[in-house]
Amino acid sequence: MTNGKMADVKTAKKNIKIVPDSIYTFDKGYYDLNWFRQIDEAGAFFVTRIKNNARFEVAGQHRPALPKKGVISDDERIEYTGPASVKKYPGKLRLIEFMDDEGKTYQFLTNNFKLAASSIAEIYRQRWQIELFFKWIKQNLKIKSFLGTS
(Lines give C-alpha, C1' and ligand atoms only; values in the text may rest on other atoms or scores of the structure.)
Protein backbone atom coordinates (compact mmCIF):
# COMPACT_ATOMS: atom_id res chain seq x y z
CA MET A 1 0.00 0.00 0.00
CA THR A 2 1.23 3.47 -0.84
CA ASN A 3 0.00 6.99 -0.33
CA GLY A 4 -1.82 8.74 -3.15
CA LYS A 5 1.27 10.70 -4.18
CA MET A 6 3.25 7.71 -5.44
CA ALA A 7 2.89 7.12 -9.17
CA ASP A 8 1.25 3.82 -10.10
CA VAL A 9 4.05 2.98 -12.54
CA LYS A 10 6.68 3.18 -9.77
CA THR A 11 4.74 0.71 -7.66
CA ALA A 12 4.17 -1.56 -10.66
CA LYS A 13 7.86 -1.58 -11.61
CA LYS A 14 8.78 -2.43 -8.04
CA ASN A 15 6.17 -5.14 -7.39
CA ILE A 16 5.34 -6.84 -10.68
CA LYS A 17 7.59 -9.74 -11.58
CA ILE A 18 7.90 -9.88 -15.37
CA VAL A 19 7.22 -13.39 -16.67
CA PRO A 20 8.53 -14.38 -20.13
CA ASP A 21 5.90 -14.86 -22.86
CA SER A 22 3.32 -12.88 -20.87
CA ILE A 23 1.45 -9.87 -22.20
CA TYR A 24 1.15 -6.81 -19.95
CA THR A 25 -1.44 -4.23 -20.89
CA PHE A 26 -1.89 -0.85 -19.26
CA ASP A 27 -3.06 2.69 -19.89
CA LYS A 28 -0.94 5.77 -20.55
CA GLY A 29 -0.41 6.32 -16.82
CA TYR A 30 2.09 3.44 -16.94
CA TYR A 31 3.93 4.75 -20.02
CA ASP A 32 7.60 4.36 -19.18
CA LEU A 33 10.13 3.53 -21.89
CA ASN A 34 12.62 2.14 -19.38
CA TRP A 35 9.98 -0.27 -18.13
CA PHE A 36 8.99 -1.18 -21.70
CA ARG A 37 12.63 -2.08 -22.32
CA GLN A 38 12.73 -4.24 -19.16
CA ILE A 39 9.59 -6.07 -20.27
CA ASP A 40 11.03 -6.62 -23.75
CA GLU A 41 14.41 -7.81 -22.45
CA ALA A 42 12.65 -10.27 -20.14
CA GLY A 43 11.01 -11.89 -23.17
CA ALA A 44 7.53 -10.58 -22.39
CA PHE A 45 5.21 -8.26 -24.30
CA PHE A 46 3.26 -5.10 -23.57
CA VAL A 47 0.27 -3.33 -25.11
CA THR A 48 -0.53 0.29 -24.30
CA ARG A 49 -1.64 3.48 -25.98
CA ILE A 50 1.03 5.77 -27.37
CA LYS A 51 1.39 9.23 -25.86
CA ASN A 52 0.28 12.16 -28.01
CA ASN A 53 3.68 13.86 -27.81
CA ALA A 54 5.77 10.77 -28.67
CA ARG A 55 8.39 11.56 -31.31
CA PHE A 56 9.00 8.69 -33.69
CA GLU A 57 9.55 7.83 -37.33
CA VAL A 58 8.03 5.03 -39.34
CA ALA A 59 10.68 2.39 -40.05
CA GLY A 60 8.45 0.17 -42.19
CA GLN A 61 5.18 -1.65 -42.43
CA HIS A 62 4.56 -4.79 -40.39
CA ARG A 63 1.53 -6.16 -42.27
CA PRO A 64 -1.13 -4.66 -44.53
CA ALA A 65 -4.08 -3.24 -42.61
CA LEU A 66 -7.39 -5.12 -42.43
CA PRO A 67 -9.96 -2.30 -42.29
CA LYS A 68 -12.86 -4.73 -41.94
CA LYS A 69 -11.48 -5.66 -38.50
CA GLY A 70 -11.15 -2.03 -37.36
CA VAL A 71 -7.44 -1.62 -38.07
CA ILE A 72 -7.07 1.60 -40.04
CA SER A 73 -3.31 2.19 -40.18
CA ASP A 74 -0.73 0.24 -42.09
CA ASP A 75 0.35 -1.58 -38.90
CA GLU A 76 3.66 0.28 -38.81
CA ARG A 77 7.06 -0.46 -37.32
CA ILE A 78 8.33 2.64 -35.57
CA GLU A 79 11.45 3.89 -33.82
CA TYR A 80 11.64 6.73 -31.33
CA THR A 81 13.56 9.78 -32.55
CA GLY A 82 13.92 11.90 -29.41
CA PRO A 83 17.45 11.52 -27.94
CA ALA A 84 16.21 10.59 -24.45
CA SER A 85 13.59 8.19 -25.85
CA VAL A 86 16.11 6.44 -28.11
CA LYS A 87 18.39 5.90 -25.12
CA LYS A 88 15.54 4.45 -23.05
CA TYR A 89 14.06 2.25 -25.82
CA PRO A 90 16.39 1.85 -28.82
CA GLY A 91 14.46 -0.96 -30.50
CA LYS A 92 11.59 -1.05 -32.95
CA LEU A 93 7.99 -1.08 -31.83
CA ARG A 94 4.69 -1.67 -33.55
CA LEU A 95 2.06 1.05 -33.89
CA ILE A 96 -1.50 0.03 -34.66
CA GLU A 97 -4.28 2.51 -35.32
CA PHE A 98 -7.72 1.14 -34.60
CA MET A 99 -11.27 2.51 -34.99
CA ASP A 100 -13.98 1.16 -32.71
CA ASP A 101 -17.65 0.68 -33.59
CA GLU A 102 -18.48 4.23 -32.45
CA GLY A 103 -15.86 5.77 -34.77
CA LYS A 104 -13.29 6.63 -32.10
CA THR A 105 -9.68 5.98 -33.06
CA TYR A 106 -6.92 4.64 -30.83
CA GLN A 107 -3.20 4.16 -31.39
CA PHE A 108 -1.75 1.10 -29.70
CA LEU A 109 1.93 0.54 -29.06
CA THR A 110 3.39 -2.93 -28.61
CA ASN A 111 6.57 -4.94 -28.90
CA ASN A 112 4.56 -7.96 -30.08
CA PHE A 113 5.09 -8.60 -33.79
CA LYS A 114 3.47 -12.06 -33.77
CA LEU A 115 -0.20 -11.41 -33.04
CA ALA A 116 -2.60 -9.91 -35.58
CA ALA A 117 -3.27 -6.18 -35.22
CA SER A 118 -6.91 -6.93 -34.42
CA SER A 119 -5.76 -9.21 -31.56
CA ILE A 120 -3.61 -6.42 -30.11
CA ALA A 121 -6.63 -4.08 -30.22
CA GLU A 122 -8.78 -6.76 -28.54
CA ILE A 123 -6.24 -7.18 -25.73
CA TYR A 124 -6.49 -3.48 -24.98
CA ARG A 125 -10.29 -3.54 -25.25
CA GLN A 126 -10.42 -6.32 -22.65
CA ARG A 127 -8.26 -4.18 -20.32
CA TRP A 128 -10.78 -1.39 -20.75
CA GLN A 129 -13.66 -3.74 -19.84
CA ILE A 130 -11.98 -4.43 -16.49
CA GLU A 131 -11.67 -0.69 -15.87
CA LEU A 132 -15.36 -0.18 -16.68
CA PHE A 133 -16.26 -3.01 -14.29
CA PHE A 134 -14.44 -1.34 -11.38
CA LYS A 135 -16.02 2.00 -12.28
CA TRP A 136 -19.44 0.33 -12.13
CA ILE A 137 -18.62 -1.20 -8.72
CA LYS A 138 -17.66 2.20 -7.31
CA GLN A 139 -20.79 3.86 -8.68
CA ASN A 140 -23.37 1.19 -7.89
CA LEU A 141 -22.38 -0.81 -4.84
CA LYS A 142 -22.50 0.60 -1.36
CA ILE A 143 -19.10 -0.49 -0.09
CA LYS A 144 -17.92 1.21 3.10
CA SER A 145 -14.29 0.17 2.66
CA PHE A 146 -12.44 -1.48 -0.18
CA LEU A 147 -9.06 -3.14 0.05
CA GLY A 148 -7.50 -4.24 -3.20
CA THR A 149 -4.40 -4.22 -5.31
CA SER A 150 -3.85 -2.68 -8.69
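- Lys92 and Ala59 get closest at one heavy-atom pair: CE-CB, 3.9 Å.
- Taking CG from Leu95 and CD1 from Ile120, the interatomic distance works out to 12.0 Å, rounded to the nearest 0.5 Å.
- Atom NZ in Lys51 sits 9.0 Å away from atom CG in Leu33 (nearest 0.5 Å).
- Annotation: salt bridge (charged side-chain N to carboxylate O under 4.0 Å, His left out) contacts of Arg49 (sequence neighbours excluded): none.
- Among residues at least two apart or in separate chains, salt bridge (Lys or Arg N to Asp or Glu O under 4.0 Å) pairs with a member in residues 115-124 are Glu122-Arg125.
- In this structure, the side chain of Thr25 engages the main chain of Val47 through a donor-acceptor pair within 3.5 Å.
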With side chain to side chain contact (heavy atoms under 4.5 Å, CB included) as the test, would you mind laying out the steps for Leu93 and Thr110 before giving the verdict? CA-CA 6 Å; Leu93 290 166; Thr110 186; over 6 Å; no
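- Ring-plane geometry between Tyr30 and Phe26 is classed as tilted, the angle between the planes lying from 30 to 60 degrees on a 0 to 90 degree scale.
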Walk me through whether Tyr106 and Asp100 qualify under side chain to side chain contact (heavy atoms under 4.5 Å, CB included). CA-CA 8 Å; Tyr106 301 90; Asp100 68 13; 3.5 Å; yes
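- Between Ile18 and Ala42, the shortest heavy-atom contact is CG2-CB, 3.5 Å.
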Pair Tyr89-Asn34, side chain to side chain contact (heavy atoms under 4.5 Å, CB included): steps then yes or no: CA-CA 7 Å; Tyr89 198 99; Asn34 288 318; over 6 Å; no
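- When the shell of 6.0 Å around NZ of Lys87 is examined, it contains 12 or fewer heavy atoms from other residues, nucleotides or ligands.
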Do Glu79 and Glu57 pass the side chain to side chain contact (heavy atoms under 4.5 Å, CB included) test, and can you show the C-alpha distance, the side-chain angles, and the key distance before you say yes or no? CA-CA 6 Å; Glu79 295 176 327; Glu57 63 183 26; 4.0 Å; yes
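- To the nearest 0.5 Å, atom CD1 of residue Ile23 and atom CD1 of residue Ile123 are 4.0 Å apart.
- Contacts of Phe46 classified as ring pair (Phe, Tyr, Trp, His ring centres under 6.0 Å), with partners at least two apart in sequence or in another chain: Phe36.
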